[in-house]
K.L.:
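Let me give you the structure first, and then I'll get to my questions.
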Amino acid sequence: MQYWLMKSEPSEVSIDDALAAPASTVPWTGVRNYQARNFMRDLMRPGDGVLFYHSSCPEPGIAGLAEVASDAYPDPTQFERDSKYHDPKATPETPRWMLVDVRAKRKTALLSLAVLRADPALAELAILKRGNRLSITPVSASEWRCILQHLSK
DNA sequence: GCCAACGTTGGC
DNA sequence: GCCAACGTTGGC
């Protein structure tokens with residue numbers, strides 16, 4: 001059982017969008033970074049805990065709780081010529097990009113970056129590290145507990 | 001819109 | 001394999 005933080009731009013897929021989807025489940029399309037892909041492909045397992053993070057928006061922060069809902073499989077958008085996620089070097093025989101399904105569990109009060117930064121127990125949280133742009137990052141069990149504690153306030 | 005930080009590309 | 005140029009991310 002592992003824990004993750006996954007960024008999504010709410011103008012693309014917000015926690016509300018995910019909760020409104022069939023079975024509250026969305027395919028995590030569009031990841032085009034090898035490290036993030038490898039996390040999904042090699043380390044994620046169904047049932048892993050997910051912090052649903054809103055990025056590139058007026059109020060960035062943790063907006064909900066979710067879980068990994070599938071093993072990794074090829075991201076179909078890489079094969080779609082008219083998709084902005086199309087990758088001409090990918091073929092169904094040799095896919096490059098993988099994704100997992102994510103099931104939203106609940107929306108939370110927004111846990112802002114300022115609040116996260118103010119907690120010394122979260123000093124090592126990857127999302128708070130300078131220059132970190134990874135859209136998927138691991139969260140330790142103690143960080144997860146700490147964040148749940150914040151969310152229960 | 002700015003800009004720091006980082007990943008990727010491609011010429012050599 | 002180096003590394004400069006370029007593109008992207010994402011908070012502010």
Side-chain angles (χ1 to χ4, degrees), chain A residues 2-21 25-44 48-68 72-140 142-144 146-151 153:
Chain A
Q2 302 240 109
Y3 303 101
W4 307 95
L5 184 146
M6 300 178 79
K7 294 181 191 171
S8 182
E9 299 187 15
S11 59
E12 300 289 323
V13 181
S14 69
I15 183 68
D16 290 318
D17 295 333
L19 284 166
T25 300
V26 290
W28 208 259
T29 56
V31 170
R32 295 295 182 266
N33 169 282
Y34 289 104
Q35 207 178 339
R37 178 203 68 181
N38 293 348
F39 284 145
M40 291 196 284
R41 186 188 65 189
D42 303 334
L43 297 176
M44 280 191 179
D48 281 2
V50 171
L51 302 169
F52 197 111
Y53 181 93
H54 282 176
S55 68
S56 297
C57 61
E59 287 187 302
I62 294 166
L65 293 173
E67 66 181 6
V68 176
Y73 60 95
D75 182 342
T77 62
Q78 69 193 301
F79 312 126
E80 295 168 6
R81 198 150 312 211
D82 50 356
S83 167
K84 67 173 169 177
Y85 299 123
H86 178 240
D87 183 340
K89 295 180 184 162
T91 66
E93 293 72 33
T94 56
R96 274 195 173 190
W97 305 109
M98 307 288 280
L99 54 70
V100 297
D101 291 337
V102 173
R103 175 161 51 243
K105 301 182 82 170
R106 67 181 177 91
K107 187 177 186 176
T108 65
L110 190 98
L111 191 50
S112 72
L113 281 175
V115 171
L116 295 172
R117 284 212 181 89
D119 188 339
L122 297 176
E124 297 303 311
L125 192 68
I127 192 86
L128 301 180
K129 294 282 190 168
R130 196 170 61 113
N132 194 320
R133 302 181 311 172
L134 256 191
S135 64
I136 298 176
T137 48
V139 175
S140 74
S142 64
E143 289 164 343
W144 176 266
C146 180
I147 286 165
L148 288 193
Q149 193 73 19
H150 279 283
L151 293 175
K153 281 177 193 164

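Chain naming here is simple, since letters A, B, ... match the order of the sequence lines and numbering starts at 1 in each. Values below: every heavy atom of this structure, side chains too, minus hydrogens, waters and symmetry copies.
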K.L.:
Looking at A:Ser140, is its backbone amide N or carbonyl O close enough to the side chain of A:Glu143 to form a donor-acceptor pair, meaning the two atoms are under 3.5 Å apart?
P.N.:
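Confirmed, A:Glu143 side chain pairs with A:Ser140 backbone.
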
K.L.:
Any salt bridge (charged side-chain N to carboxylate O under 4.0 Å, His left out) involving residues 112-122 of chain A? Give me the pairs, sequence neighbours left out, ordered by first then second residue.
P.N.:
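Sorted result for residues 112-122 of chain A: empty, none.
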
K.L.:
Please list, chain by chain and in numerical order, all residues satisfying side-chain contact (heavy atoms from CB on, under 4.5 Å) with A:Ala126, sequence neighbours excluded.
P.N.:
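Here the qualifying residues are A:Asn132, A:Thr137.
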
K.L.:
Tell me, please, which residues at least two apart from A:Phe52 pass ring-ring contact (aromatic ring centres under 6.0 Å, His included).
P.N.:
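If we apply the ring-ring contact (aromatic ring centres under 6.0 Å, His included) test to A:Phe52, skipping adjacent residues, the hits are A:Trp28, A:His54.
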
K.L.:
Can you name the ring-ring contact (aromatic ring centres under 6.0 Å, His included) partners of A:Tyr3, sequence neighbours left out?
P.N.:
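Once residues adjacent in sequence are excluded, the partners of A:Tyr3 under the ring-ring contact (aromatic ring centres under 6.0 Å, His included) criterion are A:Trp144.
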
K.L.:
Considering only heavy atoms, which members of residues 109-127 of chain A lie under 4.0 Å from some atom of DNA chain B?
P.N.:
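The answer is none.
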
K.L.:
If the condition is ring-ring contact (aromatic ring centres under 6.0 Å, His included), which residues does A:Tyr85 pass it with, not counting sequence neighbours?
P.N.:
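ring-ring contact (aromatic ring centres under 6.0 Å, His included) check on A:Tyr85 returns nothing, list empty.
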
K.L.:
Under 3.5 Å, side-chain donor or acceptor atoms of residues 55-68 of chain A against the rest of the protein: list the pairs with distances, not counting sequence neighbours.
P.N.:
| from | atom 1 | to | atom 2 | distance (Å) |
| --- | --- | --- | --- | --- |
| A:Glu67 | OE2 | A:Arg103 | NE | 3.1 |
| A:Glu67 | OE2 | A:Arg103 | NH2 | 2.7 |

K.L.:
5' to 3' on DNA chain B, which nucleotides open and close the contacts with chain A (atom under 4.0 Å from a heavy atom)?
P.N.:
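With heavy atoms of chain A under 4.0 Å away, the range is B:dA5 to B:dT8.
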
K.L.:
So which pairs with a foot in residues 5-14 of chain A pass salt bridge (charged side-chain N to carboxylate O under 4.0 Å, His left out), sequence neighbours left out?
P.N.:
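Only A:Glu12-A:Lys84 qualify under salt bridge (charged side-chain N to carboxylate O under 4.0 Å, His left out).
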
K.L.:
Please give me every residue in residues 52-66 of chain A whose heavy atoms get under 4.0 Å of an atom in DNA chain C, ordered by residue number.
P.N.:
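Under 4.0 Å from DNA chain C: A:Tyr53, A:Ser55, A:Ser56, A:Pro60.
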
K.L.:
Could you list the residues that satisfy side-chain contact (heavy atoms from CB on, under 4.5 Å) with A:Gln2, not counting sequence neighbours?
P.N.:
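Per chain and number, A:Gln2 pairs via side-chain contact (heavy atoms from CB on, under 4.5 Å) with A:Trp4, A:Leu43, A:Asp48.
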
K.L.:
Show every salt bridge (charged side-chain N to carboxylate O under 4.0 Å, His left out) that has at least one partner inside residues 85-96 of chain A, sequence neighbours left out.
P.N.:
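Those involving residues 85-96 of chain A are A:Asp87-A:Arg96.
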
